[in-house]
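These numbers come from the heavy atoms of this one structure, side chains and all, not from hydrogens, waters or symmetry mates. Here the structure is a predicted model, which means the values were calculated and not measured.
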Amino acid sequence: NKTRVIRGIVELSPVLKLKFYLGLLIWELGTKNCWHLVMSIGMIHTVDMQTVRWHIELQPWASPTPSLNYEALRFLKYISTSQISCEQMNLNSPGGYSETTKKPWSVCLDERFSLIHRIRSKQCRLYSLGLGSDDNQFETSMANSGCEVHRFDPSIKSAHIQEGRHLWYHRLSIDWRDPNPAIAAHKLHSNTKKLGTIMNEFGHQKIDVLKADVESAEWKILENLILEDVVEQIGQLVFEVHIHWPGFEVSGNDSTVVRYWYSLLRELELKDFRLFHTYKDLSKPQMFLKKEAFNASSCYTLSWVNTRWKSQKGIYDV
């Protein structure tokens, strides 16, 4: 029974887990049973370490022998095929967002999912990850709709800027790892952190929409969100993916790289995310891993909805 309880604790979000630890600490100090405290936290740590994932599960090869042709065709078909229909996207959404916008950062506003209800109740939250882009029309539109919008960009001049009632800019870069403590000690103003770390520091347990345009860092960031289960705290993902080269710290030959990309997206599907919109950017070079091949663009914008976030589950405490 005790093991079952501890495993239940491990499945809590990091913030709730911290609250449990603090409550346990207060209770144990009150009973002056410090040895029991150490043993309890030790058991939780042991079970927690056993559940840590270090790598994603790679999908089987698309063909009996590894082949770039088969891997590429499977991947491109996958990102071009909607897995769920969305009747109402933000092309005509609150805040005046229209087809004249530079790029269609599409979110699903169907009544069966939580986002539209969160917008109406002025309780939605958007995180936007960028690298020096001047295109903030989507963020402004969502803020004008009443969403709490946080844009993270290392090129911002000040550490934190508030623009209007609902839009904040932060000079922070989202990475797939936190800084090495030994190095960070010499860089007191380090501005590179994992998304989960920032959410904890901001006291945010949920994000209604995560938008990312991070110029080929998206693959490793997405992997981190999956491995640390942060993705389960997100209602919708809108990611610009780049396929003209493998991406930062993605290694292997071409067929191995594409298999890795495909496996990452299948992991999202296993987490009950469904792709509902794909935008193929024809204004970008038509390249696939440095080759003009497969009629592919070098850049796609993909939108997923977390189907676990139904409308009746759309209200959260923070």
Side-chain angles (χ1 to χ4, degrees), residues 13-19 22 95 97 101-103 105 107 118-119 122-225 227-228 230-231 233-240 242 247-249 316-318:
S13 69
V15 173
L16 291 178
K17 199 181 296 182
L18 177 59
K19 290 179 179 178
L22 291 175
Y97 189 60
T101 301
K102 296 180 183 177
K103 186 178 297 183
W105 299 100
V107 294
R118 301 274 288 170
I119 291 174
K122 310 297 183 184
Q123 293 183 316
C124 62
R125 179 179 296 124
L126 163 72
Y127 274 24
S128 171
L129 320 181
L131 294 172
S133 173
D134 294 329
D135 180 10
N136 64 349
Q137 190 170 352
F138 174 68
E139 290 82 354
T140 301
S141 172
M142 294 295 283
N144 290 340
S145 298
C147 287
E148 174 189 333
V149 178
H150 297 271
R151 180 169 174 82
F152 301 92
D153 188 331
S155 68
I156 293 171
K157 295 180 180 179
S158 300
H160 304 282
I161 301 173
Q162 183 173 355
E163 186 177 286
R165 292 182 58 193
H166 302 292
L167 179 57
W168 288 265
Y169 293 88
H170 309 280
R171 192 175 59 208
L172 288 168
S173 176
I174 307 301
D175 206 334
W176 53 95
R177 67 223 152 168
D178 284 325
N180 185 320
I183 299 175
H186 300 283
K187 297 181 179 180
L188 299 179
H189 302 289
S190 175
N191 64 347
T192 300
K193 297 178 181 179
K194 293 187 296 186
L195 184 70
T197 300
I198 290 177
M199 288 178 66
N200 288 338
E201 291 180 354
F202 281 34
H204 296 160
Q205 293 182 27
K206 303 287 181 180
I207 302 172
D208 293 282
V209 180
L210 175 63
K211 172 203 167 189
D213 181 5
V214 287
E215 304 300 336
S216 299
E218 64 275 358
W219 298 113
K220 296 300 289 185
I221 290 175
L222 183 58
E223 180 184 51
N224 169 256
L225 298 182
L227 292 177
E228 297 191 354
V230 176
V231 73
Q233 300 169 255
I234 301 169
Q236 297 192 28
L237 295 170
V238 190
F239 268 53
E240 184 175 271
H242 302 84
F248 292 104
E249 294 194 17
Y316 295 95
D317 294 333
V318 295

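With values rounded to the nearest 0.5 angstrom, His160 atom NE2 is found 8.5 Å from Arg171 atom CZ. The CG atom of Leu195 sits 7.5 Å away from the CZ atom of Phe152 when rounded to the nearest 0.5 Å. Atom-to-atom distance recorded for Ile174:CD1 and Thr192:OG1 is 9.0 Å, nearest 0.5 angstrom. Distance CD/Gln236 to CD1/Ile207: 12.5 Å, rounded to 0.5 Å. The structure places CG of Leu172 at 8.0 Å from CD of Glu201, a figure rounded to the nearest 0.5 Å. Atom CD of Glu139 sits about 10.0 Å away from atom CD of Gln137, to the nearest 0.5 Å.
Residues Trp105 and Asp213 meet the side-chain proximity criterion, which asks for heavy atoms closer than 4.5 Å. Between Trp176 and Glu223 the shortest side-chain heavy-atom distance does not fall below 4.5 Å. For the pair Val214 and Ile221, the minimum side-chain heavy-atom distance is below 4.5 Å. Using a 4.5 Å heavy-atom cutoff, the side chains of Leu237 and Val231 are in contact.
Between Lys220 and Glu249, no side-chain nitrogen of the basic residue sits less than 4.0 Å from a carboxylate oxygen of the acidic one, so the salt-bridge criterion is not met.
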Task: Glu218/His242 under side chain to side chain contact (heavy atoms under 4.5 Å, CB included): CA gap, chis, key distance, verdict - done: CA-CA 8 Å; Glu218 64 275 358; His242 302 84; 3.2 Å; yes

TODO: Carefully, step by step, assess Trp168 and Phe202 under the rule side chain to side chain contact (heavy atoms under 4.5 Å, CB included).
DONE: CA-CA 12 Å; Trp168 288 265; Phe202 281 34; over 6 Å; no

- [ ] Take Val107 and Leu126 through the side chain to side chain contact (heavy atoms under 4.5 Å, CB included) test and state the conclusion after the steps.
- [x] CA-CA 11 Å; Val107 294; Leu126 163 72; over 6 Å; no

- [ ] Dump the intermediate steps for side chain to side chain contact (heavy atoms under 4.5 Å, CB included) on Leu210 and Phe239, then the final yes or no.
- [x] CA-CA 8 Å; Leu210 175 63; Phe239 268 53; 3.9 Å; yes

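Lys193 and Ile198 get closest at one heavy-atom pair: CB-CG1, 3.9 Å. Contact detail for Asp135 and Lys211: the closest heavy-atom pair is O-NZ, 4.0 Å. Taking both residues in full, the closest heavy atoms of Asp208 and Cys124 are given as OD2-CA, 3.2 Å, listed atom of the first, atom of the second, then distance.
In terms of modelled atom types and a separation under 3.5 Å, the side chain of Arg118 and the main chain of Gln123 share a donor-acceptor contact. Under a 3.5 Å cut-off, the side chain of Lys122 and the backbone N or O of Ser145 do form a donor-acceptor pair. Judged by distance alone, the side chain of Gln205 and the main-chain N or O of Gln233 form no donor-acceptor pair under 3.5 Å. Checking side-chain atoms of Arg151 against main-chain N and O of Leu167 turns up no donor-acceptor pair under 3.5 Å.
Between Leu131 and the choices Ser216, Pro154, Ser155, the side-chain contact (heavy atoms from CB on, under 4.5 Å) rule is met once, by Pro154.
For Glu148 and His150, the side-chain atoms include at least one donor-acceptor pair closer than 3.5 Å.
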